Number of protein chains: 2
Amino acid sequence: MIRPVPSRRQAIADDLRHQISTGHFQAGERLPSEAQLAARYKVSTPTLRSALALLEGEGLVEKIHGSGNFVRHPLHRITYVGGAATSPIAPLQATVRTTIVQAHGHLPALLNIPPLSPVTEVLYITHEGKSPHSLARIYVPRDFAPADSSLPEELAARSTPLGPPLAEVQERLSARLPTQEEATTLRISTSLAILSLTRVTTDVTGRVVEAALLVLPGDRADALFTTSLMA
Amino acid sequence: MIRPVPSRRQAIADDLRHQISTGHFQAGERLPSEAQLAARYKVSTPTLRSALALLEGEGLVEKIHGSGNFVRHPLHRITYVGGAATSPIAPLQATVRTTIVQAHGHLPALLNIPPLSPVTEVLYITHEGKSPHSLARIYVPRDFAPADSSLPEELAARSTPLGPPLAEVQERLSARLPTQEEATTLRISTSLAILSLTRVTTDVTGRVVEAALLVLPGDRADALFTTSLMA
DNA sequence: GAGTGGTCTAGACCACGAG
DNA sequence: TCGTGGTCTAGACCACTCA
């Protein structure tokens with residue numbers, strides 16, 4: 001109805017998608033060069049590249065400048081479970097980096113602290129095999145984490161905090177395209193939609209204990225929220 | 001570090017974005033034609049179009065084939081509040097269409113009913129002014145809505161259902177690009193990320209009372225979940 | 001250095017919208 | 001009909017990777 005005229009781009013993308021799903025091109029395999037594919041489909045290189053861009057946006061193909069276009073290994077879909085104060089994505093291996101930074105940008109408002117206050121930043125990059133999977137930045141006001149040598153695992157898993165008991169978790173989600181930096185870190189296309197999740201945990205005194213900024217690529221992650229309606 | 005070579009596309013997109021944000025181009029206004037802009041920036045039309053595509057993906061510009069590129073009116077950001085069994089986005093005017101269809105695709109599994117069972121489909125398109133704002137498809141098994149003339153408002157607002165009391169709401173969110181159909185309906189670019197939300201409401205007998213599929217464009221909608229941790 | 005993808009050009013031709 | 005955007009061509013030239 002809407003598209004009675006399938007464009008060459010779409011036709012080529014559909015054909016390549018089919019060949020990938022039927023195993024004609026195996027996961028991890030390099031596709032023929034863009035010049036070869038352009039010749040095979042009898043189109044110019046810009047047209048062929050625009051077809052590849054569609055597959056890239058679906059997370060099926062990874063382009064590596066100078067080496068080629070590769071069929072991506074299908075990643076297991078992970079589910080972020082909302083409503084808990086604990087760590088985001090547990091069962092995966094992760095790269096962790098902890099630094100102390102000054103709160104800037106949205107952070108002071110999120111954490112309800114003065115600008116440039118010291119905060120502990122914990123950067124998680126979860127992996128599946130060698131592929132990066134998701135990205136998390138967790139911020140804790142410095143006065144909540146007094147021990148300089150506190151392990152990141154402590155911060156993430158502290159279900160029994162030292163301070164007042166936790167009261168509330170607020171999670172705000174939106175969809176957007178990744179920044180150039182996020183795309184590079186996660187090795188995804190800048191045209192692959194991501195789920196952006198901001199989680200703020202508050203204790204009973206109303207103080208913000210932790211703010212977490214999660215980036216979940218849409219091709220491999222969901223967020224799940226379950227609410228009981230029992231009165 | 002990562003992009004020491006700003007491309008023409010980016011430079012032009014940045015400049016146009018700046019001119020839009022400073023009011024040099026007013027909301028609703030038509031931009032100069034692509035040929036004129038290409039001449040002004042001394043680039044070819046494909047390059048200029050790729051710059052416009054970036055702004056389109058950010059929801060700043062709407063292309064209308066045959067008439068021109070228009071600066072979009074900034075839409076109010078709406079927040080979907082999770083964890084309730086009631087209607088999705090209340091305070092906006094909406095177009096509603098109710099039909100009876102046979103359950104297909106994911107629906108039978110979602111609703112936990114046999115394939116091809118009759119279900120009532122309610123299609124909402126919320127608007128702000130003349131612009132479509134978000135899309136919702138709500139499915140109710142036919143045996144839960146026996147009255148043929150039941151108004152859609154009834155279905156959406158039934159906080160006191162006739163059957164067993166409601167027990168649980170499960171909401172699954174993901175980010176993706178819109179389908180061609182969704183993009184057309186919402187008049188957004190196919191490169192504007194959307195938040196896709198699937199909500200399943202269950203009653204105390206374990207039966208699925210309602211499934212809702214929501215499409216929330218990322219440039220104008222958030223989803224918010226608040227969880228109390230009080231034991 | 002050979003081969004790959006990344007960007008860009010200067011057009012051609014088609015499809016759509018409004019008068 | 002005319003001006004608009006939509007698609008596509010057939011290259012050129014640059015940047016990156018790897019042997």
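Lettering of chains follows the sequences in order, A, B, ..., and the numbering in each one begins at 1. Remember, predicted model here, so these are calculated numbers, not experimental data.
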Would you mind telling me which of [options] lies closest to the side-chain atoms of [X]?
{"X": "Val43(B)", "options": "dT7(C), dC8(D), dT9(C)", "value": "dT9(C)"}
{"X": "Arg9(B)", "options": "dC8(C), dT9(D), dA15(D)", "value": "dC8(C)"}
{"X": "Pro46(A)", "options": "dG11(D), dC8(D), dG5(C)", "value": "dG11(D)"}

Practice task
Output the distance between atom CD (Glu171(B)) and atom CZ (Phe225(B)), rounded to the nearest 0.5 Å.
Solution key: 4.0 Å
Practice task
State, without any angle test, whether Ser134(A) and Thr126(A) hold a side-chain donor-acceptor pair at a distance under 3.5 Å.
Solution key: yes
Practice task
Classify the side-chain pair Arg77(B)/Ser174(A) by whether it contains a donor and acceptor separated by less than 3.5 Å.
Solution key: yes
Report yes if at least one side-chain N or O of [X] is closer than 4.0 Å to OP1 or OP2 of [N]; otherwise report no.
{"X": "Ser44(B)", "N": "dG11(C)", "answer": "no"}
{"X": "Arg49(B)", "N": "dG5(D)", "answer": "no"}
{"X": "Ser67(B)", "N": "dG17(C)", "answer": "no"}
{"X": "Asn69(A)", "N": "dG5(C)", "answer": "yes"}

Problem - Check ion pair Arg137(B)-Glu121(B) (N to O, under 4.0 angstrom) - result: no
Practice task
Using atom types as modelled and distance alone, determine if a side-chain donor or acceptor of His65(B) lies under 3.5 Å from a backbone N or O of Lys63(B).
Solution key: no
Exercise for the section: For Tyr139(B), enumerate each residue passing the ring pair (Phe, Tyr, Trp, His ring centres under 6.0 Å) test, keeping only those at least two apart in sequence or located in another chain. Expected result: none
Practice task
Name every residue in residues 28-42 of chain A that has at least one heavy atom under 4.0 Å from any atom of DNA chain C, in order of residue number, or write none if there are no such residues.
Solution key: Arg30(A), Ser33(A), Glu34(A)
